[in-house]
Amino acid sequence: MTIEKERTERYDPATIEPKWQEEWVRSGLHDTLDTADKPNFYFLTMFPYPSGEIHVGHWYAFAPPDCAARFMRMNGHNVLFPMGFDAFGINAENAAIDRKIHPAVWTEKNMAHMRDQFRRMGTAIDWRREVITCYPEYYRWNQWMFLKLYEKGLAYRGEAPVNWCPRDETVLANEQVIGGRCERCDTPVEKRQMTQWFYRITKYADELLRFEGLDWPERVRVLQTNWIGRSEGAEITFPVEGHPGADIKFFTTRPDTIYGATFMVLAPEHPLVERITTPAQREQVRKYVDHARNMAEIERTTAEREKTGIFTGAYAKNVFTGERVPIWIADYVLLAYGTGAIMAVPAHDERDFAFAKKFGLEIREVISEDGKEHGALDAAYVGEGGMVRSGPFTGTRSEVGKKAIADEARKRGIGGPSVTYRLRDWLISRQRYWGTPIPIVHCPTDGAVPVPYDQLPVELPRDVEFTGRGGSPLAHVPAFVNTTCPKCGKPARRDTDTMDTFVDSSWYMYRYVDPKIDTAFMNAAIGKKWLPVHQYTGGVEHAILHLLYMRFMAKALRDLGELWFDEPVTRFRYQGTIVFKGRKMSKSRGNVQTPDEYVKRYGADTLRLFMMFMGPWVDGADWDASGIEGVHRFLRRVWDMASADRQPAGPREAELDRKVQRAIKRVTEDVRTYSFNTAVAAMMELSNALQKGAGPSRDEGIATIVLLLAPFAPHMTDELWHKRGGQGSVHQQRWPTYDELIAAPAELTIVVQVNGKLRDRIVAPAGSSEDALRSAALASPKVRAALAGASPKKVIVVADRLVSIVTR
RNA sequence: GCCCGGGUGGCGGAACGGAUUACGCGUCGGCCUUAGGAGCCGAUGGGGCGCAAGUCCCGUGUGGGUUCGAGUCCCACCCCGGGCACCA
């Protein structure tokens with residue numbers, strides 16, 4: 001009994017985990033050199049927002065990537081695995097309003113808490129490279145980039161209908177509006193006409209649609225492609241009767257239907273509306289426009305709303321038919337898409353059809369499936385077909401007619417082929433405090449003047465009153481606002497808006513390579529050794545927002561001559577979301593599941609392993625810790641085996657040797673493909689087999705499983721490594737290799753089927769020939785009984801698997 | 001409505017067109033124990049026949065199809081999750 005106790009001390013994560021966490025820091029195990037005798041590998045995981053609420057979702061986001069990064073290290077790579085904080089943001093400011101804590105203080109406190117969580121998680125992060133976006137040393141480069149983009153025409157100030165969240169009292173980017181609601185607080189957003197700063201992401205729309213050479217998940221590519229929403233068609237202009245120069249330009253994807261354009265519709269906010277409306281219609285039109293303006297976006301865009309609209313009294317000329325067509329306004333036409341005006345073809349567009357039906361407008365068929373003319377249509381026909389009643393184009397196929405009409409428009413000088421995108425320019429100004437000040441001074445004489453580079457950073461003033469009302473908080477800080485114009489020296493006012501925090505995260509991966517450099521946003525000499533990022537991981541919820549902005553910023557910086565690559569991230573993988581009882585975890589819902597009690601009870605290694613074992617990482621999970629006992633038992637069994645005395649004497653066990661080899665192969669392949677759950681299963685199987693084994697095969701197998709488990713359970717395996725007399729850290733060891741020949745079993749059970757039914761199993765050497773298997777199967781007494789004298793018509797042999805005999 | 005995923009034991013989930021359910025949870029039985037909510041060993045899809053060794057039938061959302069053989073491929077449909085949604 002006492003001997004047993006000496007040999008195997010209890011697995012006690014509570015003592016070994018803190019011990020190794022300290023040891024790794026002391027020995028600098030995770031400090032990455034920029035140059036090593038191994039290939040560099042930049043493994044990046046999306047940095048967190050320091051919200052202060054640590055939940056199990058954080059572990060899910062960080063523990064599996066940490067395992068993959070450690071795996072790369074053991075596989076001979078010099079891995080950069082940095083971490084930092086996306087530290088600007090509205091939550092900090094709301095905390096200031098609610099609890100009277102300065103955002104900076106609140107943020108620092110949360111970052112300290114989260115660093116501690118990362119430590120307790122056992123992550124192999126190089127903290128010397130930490131990047132924190134709310135420090136002036138960081139955000140000055142946001143300002144620097146802003147000015148560079150401004151010089152290049154990639155940043156501009158413009159008036160546009162923007163999304164306004166009345167609760168957060170700020171504008172939002174299109175990407176931050178989910179289903180007509182504010183992404184943050186779920187409040188329905190309003191449309192406001194405002195002058196704001198934009199980044200010209202639309203310039204890169206086509207390039208952003210290209211993913212060649214990128215190893216990114218299909219789902220993310222599809223999401224981004226749909227978001228960009230490229231449509232091919234034509235832009236054509238119709239003149240307005242009695243208003244020379246007031247031509248209506250419109251975009252259509254169906255120029256082939258132009259002979260069926262029996263009316264036109266403008267968005268209510270369209271600039272021409274006021275000019276062309278006839279006096280008789282003026283009052284009604286004004287009412288309609290006001291109503292449309294005041295309607296919440298969510299209300300206006302609700303699908304299947306009945307069509308509304310008003311006739312302006314004006315007519316345009318359909319230059320193809322030569323007819324005069326009435327011009328209407330209706331809120332189903334959006335100012336922000338295309339040109340804010342359409343030619344309405346009720347016969348071939350469902351929306352136009354509904355509108356025409358309601359207001360008694362002409363519906364004229366110009367495309368027909370069978371190429372013949374029909375009477376009245378019951379519904380819009382939106383498919384392709386033969387063109388009818390289309391002047392010289394009659395008889396042409398619609399697919400051909402599209403191009404023909406667009407070309408004809410070009411010939412006549414009234415338009416031509418064109419492409420439109422759903423993607424809008426990135427609105428980056430926010431009427432909030434806790435962000436990067438926009439480095440612009442507004443001068444009464446010189447207008448918007450850039451802050452000179454040598455005056456960067458424009459620092460956020462510390463003393464600000466947080467009332468939560470009244471627009472940009474910075475506007476109420478005279479010491480900040482009042483300045484002089486860099487151009488003329490006269491009194492001027494600083495821009496009081498701050499930048500969207502997605503600006504911060506659009507380029508942080510360049511900062512990690514040398515976060516201290518103060519002469520450039522990136523140390524290019526070091527960056528050349530690491531970039532572009534080899535592997536990026538993060539939540540799928542950022543598929544559009546952050547990942548699209550990040551790609552845009554790389555292209556913009558490339559065009560500024562600052563980067564030498566087109567794409568910032570070569571390989572991307574996402575994790576699914578952890579929910580609790582089907583709902584997203586959040587403080588406001590009060591359903592935040594914290595990791596602490598599990599760490600206390602089972603240790604970080606167990607929780608890490610459980611995170612990876614729950615199911616496929618991409619799928620996420622509904623949090624349910626009931627299975628955590630199983631992985632903990634597994635770790636304890638490995639602990640007991642590996643800390644017991646060795647038993648090298650005795651014969652080898654060939655089957656066990658094969659199982660060890662197969663486990664190495666499976667774990668290696670599974671970690672590469674991020675199938676962490678099956679990798680853990682493979683190690684569990686091996687552990688079960690080792691427990692039944694003996695002798696040197698078992699002993700070597702135990703040594704192997706300690707190595708295989710190292711990226712998953714880093715504390716326990718380092719402890720075992722040392723207890724077993726290993727030098728250095730287990731994390732500095734080479735990943736075990738496998739031999740396909742040994743991994744393959746010598747003998748296999750071959751299934752024999754007769755007419756599709758399992759009738760016998762025979763044992764045959766691996767790699768047996770078809771003939772050998774066939775005759776062995778046919779010789780089986782059970783098979784002969786099943787055949788009952790019938791002669792085989794067909795015998796299918798699948799090597800190393802089965803023999804299927806068919807008599808029918 | 002459109003575009004992606006996905007429906008497998010009581011549960012989480014495995015499964016190159018080849019023995020359906022690896023691994024784990026749970027449950028049941030046993031051992032150990034003063035005790036066990038610790039540990040170890042074993043069983044565990046449903047149904048029928050049999051004292052038993054066994055054996056037969058049915059099983060991957062539904063209905064068809066291809067194939068010697070389908071969770072896997074094809075067609076139609078149902079349901080669930082996500083995204084987009086009056087985008088011209």
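The chains referred to below are lettered A, B, ... by the order of the sequence lines, with proteins before strands, and numbering in each begins at 1.
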Exercise for review: Tell whether A/E629 reaches the base of B/G24 with its side chain through a donor-acceptor pair below 3.5 angstrom.
Suggested key: no
Check: [X] ring centroid to [Y] ring centroid under 6.0 Å:
X	Y	value
A/F502	A/W426	no
A/Y674	A/F676	yes
A/F572	A/W216	yes

Check your understanding: Mapping A/L223 and A/G615 to their closest nucleotides on RNA chain B, which lands nearer the 5' end?
Key -> A/G615
Practice item. Could you pick out which residue, A/N755 or A/R759, lies toward the 5' side of RNA chain B when each is mapped onto its nearest nucleotide? Key: A/R759
Given [N], is OP1 or OP2 found less than 4.0 Å from the side-chain N or O atoms of [X]?
X	N	result
A/R10	B/A38	no
A/N688	B/A22	no
A/R221	B/G5	no
A/N677	B/G12	no
A/S231	B/A88	yes
A/R633	B/G39	yes

Point to revise | Stepwise ring pair (Phe, Tyr, Trp, His ring centres under 6.0 Å) check, A/F263 with A/F355 | key: CA-CA 10 Å; A/F263 61 101; A/F355 194 82; 5.7 Å; yes
Check your understanding: Excluding sequence neighbours, so at least two apart, what forms side chain to side chain donor-acceptor pair (under 3.5 Å) with A/T308?
Key -> A/Y288
**Study point:** Results of side chain to side chain donor-acceptor pair (under 3.5 Å) for A/E232 - residues two or more places apart only
**Key:** A/R230
Study note, to complete from the structure: Residues in residues 794-807 of chain A with a heavy atom under 4.0 Å of RNA chain B, by number, are A/K794, A/I796, A/V798, A/R801, A/L802, A/S804, A/V806
Rounded distance in Å between the [atom1] positions of [N] and [M]:
N	M	atom1	value
B/G26	B/C75	P	42 Å
B/G45	B/C51	P	23 Å
B/A14	B/G9	C1'	13 Å
B/G37	B/C31	P	15 Å
B/C49	B/G61	C1'	31 Å
B/C23	B/C79	P	37 Å
B/G59	B/G71	P	10 Å
B/C68	B/G63	C1'	24 Å

Who is the Watson-Crick or G-U wobble partner of [N], with both distances under 3.5 Å?
N	answer
B/A19	none
B/G54	B/C49
B/A35	none
B/C2	B/G83
B/A14	none
B/U66	none
B/G29	B/C41

Check your understanding: In this structure, are over 12 heavy atoms from other groups packed under 6.0 Å from A/K358 atom NZ?
Key -> yes
Exercise for review: Check the surroundings of atom CZ in A/R601: do more than 12 heavy atoms from other residues, nucleotides or ligands lie under 6.0 Å from it?
Suggested key: no
Check your understanding: Syn or anti: how is B/G48 classified when any glycosidic angle within 90° of 0 counts as syn?
Key -> anti
Using the side-chain heavy atoms of [X], tell me which of these nucleotides is nearest: [options].
X	options	answer
A/K692	B/C23, B/A85, B/G42	B/G42
A/T252	B/A38, B/A85, B/A88	B/A88
A/T253	B/A88, B/A19, B/C23	B/A88
A/V222	B/A19, B/C3, B/A88	B/C3
A/Y337	B/A88, B/G24, B/A38	B/A88
A/F251	B/G12, B/A88, B/A38	B/A88
A/R422	B/C84, B/A88, B/C23	B/C84

Sugar-phosphate, base or nothing in reach of [X], heavy atoms under 4.0 Å:
X	result
A/E218	nothing
A/R761	base
A/R219	sugar-phosphate

May I have the distance from [X] (atom [atom1]) to [N] (atom [atom2]), rounded to whole angstrom?
X	N	atom1	atom2	value
A/W227	B/C2	CH2	C1'	16 Å
A/L545	B/G83	CG	C1'	13 Å
A/H632	B/G37	NE2	C1'	14 Å
A/D619	B/C80	CG	P	19 Å
A/R637	B/C40	CZ	P	5 Å
A/K793	B/U67	NZ	P	14 Å
A/N226	B/G5	CG	P	12 Å
A/L773	B/G18	CG	C1'	14 Å

I'd like to know if [X] pairs up with [Y] as an ion pair, taking the criterion as any Lys NZ or Arg NE/NH1/NH2 lying under 4.0 Å from an Asp or Glu carboxylate oxygen.
X	Y	value
A/R662	A/E685	no
A/E597	A/K600	no
A/E384	A/K402	yes

